[in-house]
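Remarks on the structure that follows.
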Amino acid sequence: AANVVVATPEFTQSSAFAAASAGVLTANAITSEATAVGGSANWFSFCKSTGQRVVDGSVGTSDADLILNSQSIATGASVAISAFTITFAA
């Protein structure tokens, strides 16, 4: 099956992440997407403004790279990411 973009929340600053601290990158503010296409969220990508993907990961309600309260996104729903961190091994 082809990948379908169901929502596109965007970073609000030119720099997506603050400086790393103790091996942890913390995302700056992410703007909610209020016009989701709808569908099942199974993976995510962070992309540059050019569209080039730089980070991919799994989506789930637990034990995934990006945790959502539901993977089922309704058409027209608001999709928000309240916090996102990437931890690097020491």
When rounded to the nearest 0.5 Å, the distance separating CG of D56 from CH2 of W43 is 6.5 Å
Would you check, one step at a time, whether the test ring pair (Phe, Tyr, Trp, His ring centres under 6.0 Å) holds for F84 with F11? CA-CA 11 Å; F84 190 85; F11 289 101; 8.1 Å; no
Output for pair (Q71 CD, S58 OG), nearest 0.5 Å, gives 9.0 Å
- Query: Side-chain heavy atoms under 4.5 angstrom apart, residues restricted to Ile, Leu, Val, Met, Phe, Trp, Tyr: same cluster for V37 and F44?
  - Reply: no
- request: Taking the side chain as every heavy atom from C-beta outward, state whether F17 and I86 have any pair of such atoms under 4.5 Å apart.
  value: yes
**Prompt:** Should V79 and I73 count as side-chain neighbours, where that means a heavy-atom distance under 4.5 Å?
**Reply:** yes
When rounded to the nearest 0.5 Å, the distance separating CD of E10 from CD of E33 is 7.5 Å
*asked:* Is there a path of hydrophobic side-chain contacts, each under 4.5 Å between heavy atoms of I/L/V/M/F/W/Y residues, joining V54 to V24?
replied: no
Distance col, row L68:CG vs I81:CD1, nearest 0.5 angstrom, shows 7.0 Å
Here the pair of heavy atoms bringing S32 nearest to A80 is OG-CB, 3.4 Å
Exercise for the section: Please answer whether the main-chain N or O of C47 pairs with a side-chain N or O of S45 as donor and acceptor at a distance below 3.5 Å. Expected result: no
Residues G38 and V6: closest non-hydrogen pair is O-CG1, 3.2 Å
Margin query: Could you walk me through whether N42 and V59 satisfy the side-chain contact (heavy atoms from CB on, under 4.5 Å) test, starting with their C-alpha distance in whole Å, then the side-chain angles of each, then the deciding distance to 0.1 Å, before giving a yes or no?
Written below: CA-CA 5 Å; N42 299 307; V59 174; 5.6 Å; no
Minimal heavy-atom distance between T8 and V5, with the atoms involved, is CG2-CG1, 3.4 Å
Rounded to the nearest 0.5 Å, the CD1 atom of I67 sits from the OG atom of S82 at a distance of 11.5 Å
